[in-house]
Amino acid sequence: MMMNAAITGWGKCMPPAVLTNADLSTFLETDDEWIVSRTGMHERRVSHVPAIEMATVAAARALACAGLAAGDVDLIVYGSCSNDEQVPNSASGVQVRLGAAHAASMDINTACTSFLYGVSSAAAMIRTGAVRNAVVIGVELISPYMDWSNRGVAVLFGDGCAAVVLQATDEPFGLLGEKLGCYAESRQALRVRGMGCTYANRGLTLGDTQWDFDGQEIFKRAVHGMGEAAAEVMKKCGVQASDVDLVVPHQANLRIIEAVVKRIHVPLDKVMLTVQRYGNMSAATVPVALVEALETGRVTPGSLLLMPAFGAGLTLCAHLIRWGQRVTPLGTTDIDLPPCTETALDMVNRIRQVKASAVERSGAALMAPTLAETLGSR
Ligand code: ACO
C-alpha cells in the first residue's frame, strides 16, 4: 500500500525585534502610506541570531509537538536561500544542535518555495520507504544581505523561521498532491549579486550585495504562476475551489495574494494572512503562516489546505494537504533564542554602517560592472 506523508508536528521561531515602516523611513525615502498601500506590510522582524539557531529552535518545537525525540529523525531538510555558510550545509548544523544522530541532512534552495519543495522531497522519500520521520524547515535571514540603500526591496523582506515534522502514515491524509514548476525565462527578474562563487575571491568587499529586482515582472508572473499551479493541483486531486477550507499562500505582497485567490475563486476570508506583520520571509513565509493558522484554530480536523507559492527562479508550486485529526501539540519544549538586547533599527543601522565603511575603504562601488557582465543577463 502507498504510504502517505502527514504533518504531525509544527513550530515556529520568530526573532523578537520588530522593524516598522516608520523605522525604514528614518533612512530611506519612503513612508508608511506607500508601503501599506503597495504591499499591505506594516512591520517585519530582524534576527539577532544566525539562521541555524532560529531553525534549531523551530525544529525542536516541531519535534516536541509531534512527540518525537531527536534520535527518531531520519531526515532534515533545510529550505532557505540565505545559508549562514555555503560549506558545510546548514541542515547538518541543525542536526548537530538537535542531536539527531541518525538523520540524513540536506539543504534545498528554490528561494521562497524552498519549504514546499522540501515538503515534496521529504514526502517522496517517505513514500518510497527511504525515511519515516522527517523535519522540514523554512528559514530565512535576509537582513544581513539586504541592500538597505534600495527602497524598492528593503521594505519588502523580513527574517523568520518555522518547521514541520512529516511522518509516514497509512491513514488517508497528508500531502495529497502538488504542482511544481519554474518560469526560468524570468530568472533575471530577481537576482542578488554579491553572494556565491561568482563573487568569491575576486577582491570584492565581503558581504556587499546588490539586488536586481523587477517588481512588476515578478508581480505578474507570481499571480499567473500561483494561480495556474493552484488550479492544476486541484484538478489533479479532483477537488474544487469550494472544497478548500484554508489557503496558506506565500506572502510577498497582499495585492498578489488578493489577485491569486480571485483568480481561483476562493474568498479572502479563507486565506491565512501574515504579510502585514512579517513581510516576505521567503522560505519561512508558508510554514510560519501554517503554524499560526494552527495556533489560532483555523486548521480543524480534516481541513483541506491549499498552499501556493513562488520565488526567485522564478520557481512556483502549489500543494494540497488533507489535515489529520490532531490540531494540538502533543508536547512543548523550553528551548528558546537568547534574549535580544538591540532594537531592529539599531541592528539594521549597524549593517548599513559596516557596509558604508567597507565601501569607503575599498574606494569604489563594490559590484564592478565587469563582474555583472561576466554573469550576463541569464
Ligand atoms: N517607497 C516609496 N516609493 C517607492 C518605494 C518605496 N519603498 N519603492 C519604490 N518606490 C517608487 C519607485 O521609485 C517608483 O517610482 P517612479 O514611478 O517615480 O519610478 C514607484 O514607487 C514604483 O511604483 P510601482 O512599480 O508602480 O509600484 P508597484 O505598485 O508595482 O509596487 C512592488 C512595487 C511592491 C515591488 C510590487 O511590484 C511587488 O510587490 N512586486 C513583487 C515583489 C515580490 O514578490 N518580491 C519577491 C519575489 S521572490 C521572493 O519572494 C524571494
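Residue numbers run from 1 in the order of the sequence given. Note that ligands are numbered from 1 as they come in the structure, with each ligand's atoms numbered from 1 the same way. Just so it is clear, the model here is predicted, and its values are computed rather than measured.
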For [X] and [Y], test the side chains for any donor-to-acceptor distance below 3.5 angstrom and give the result as yes or no.
| X | Y | value |
| --- | --- | --- |
| Ser186 | Glu217 | yes |
| Glu43 | Thr20 | no |
| Asn83 | Ser80 | no |
| His250 | Thr113 | no |

For [atom], is there a protein heavy atom at a distance under 4.0 Å?
| atom | value |
| --- | --- |
| atom 27 (O) of ligand 1 | yes |
| atom 14 (C) of ligand 1 | no |
| atom 44 (O) of ligand 1 | yes |

Looking only at heavy atoms, which two atoms of [X] and [Y] are closest? And how far apart?
| X | Y | value |
| --- | --- | --- |
| Gly160 | Pro15 | CA-CD, 3.9 Å |
| Ile137 | Ala59 | CD1-CB, 4.3 Å |
| Leu141 | Ala51 | CD2-N, 3.6 Å |
| Gly311 | Cys112 | CA-CB, 3.7 Å |

Does atom [atom1] of [X] have more than 12 heavy-atom neighbours from other groups under 6.0 Å away?
| X | atom1 | result |
| --- | --- | --- |
| Glu185 | CD | yes |
| Gln86 | CD | no |
| Arg132 | CZ | no |

Heavy-atom distances under 4.0 Å decide this one: backbone, side chain, both or neither, for [X] against ligand 1?
| X | value |
| --- | --- |
| Leu24 | neither |
| Ile35 | neither |
| Ala312 | backbone |
| Phe157 | side chain |

Looking only at protein heavy atoms, which one is nearest to [atom], and what is the separation?
| atom | value |
| --- | --- |
| atom 39 (O) of ligand 1 | Asn253 ND2, 2.5 Å |
| atom 11 (C) of ligand 1 | Arg151 NH2, 3.6 Å |
| atom 48 (S) of ligand 1 | Leu190 CD2, 3.3 Å |
| atom 31 (O) of ligand 1 | Arg255 NH2, 3.4 Å |
| atom 25 (O) of ligand 1 | Gln216 NE2, 2.8 Å |
| atom 46 (C) of ligand 1 | Asn280 ND2, 3.5 Å |
| atom 51 (C) of ligand 1 | Cys112 SG, 2.6 Å |
| atom 22 (C) of ligand 1 | Trp34 CZ2, 4.2 Å |

Practice task
Before accepting this row, confirm whether a basic side-chain N of the pair Glu228/Arg263 lies closer than 4.0 Å to the acidic partner's carboxylate O.
Solution key: yes
Which option wins on minimum heavy-atom distance to [atom]: [options]?
| atom | options | result |
| --- | --- | --- |
| atom 42 (C) of ligand 1 | Phe213, Trp211, Phe219 | Phe213 |
| atom 1 (N) of ligand 1 | Ile142, Val153, Thr30, Leu28 | Thr30 |
| atom 41 (C) of ligand 1 | Ser282, Gly215, Ala252 | Gly215 |

Practice task
Could you tell me whether the side chain of Ile7 reaches within less than 4.5 Å of the side chain of Leu290, counting heavy atoms only?
Solution key: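 They are in side-chain contact.
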Practice task
Measure the shortest side-chain to side-chain distance between Leu306 and Val233 over non-hydrogen atoms and say whether it is less than 4.5 angstrom.
Solution key: yes
Exercise for the section: Compute the shortest N/O to N/O distance between Arg38 and ligand 1 and return yes if it is under 3.5 Å, no if not. Expected result: yes
Handout entry: Short N or O distance, Asp31 and ligand 1, threshold 3.5 Å exclusive
Key =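 In fact, backbone or side chain, Asp31 has no N or O that close.
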If the cut-off is 4.0 Å to any non-hydrogen atom of [X], which atoms of ligand 1 fall inside it?
| X | value |
| --- | --- |
| Val155 | 7 (N) |
| His250 | 50 (O) |
| Thr39 | 34 (C) |

Problem - ligand 1 contacted by Gly152 (non-hydrogen, < 4.0 Å) - result: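 Within the 4.0 Å threshold, so yes.
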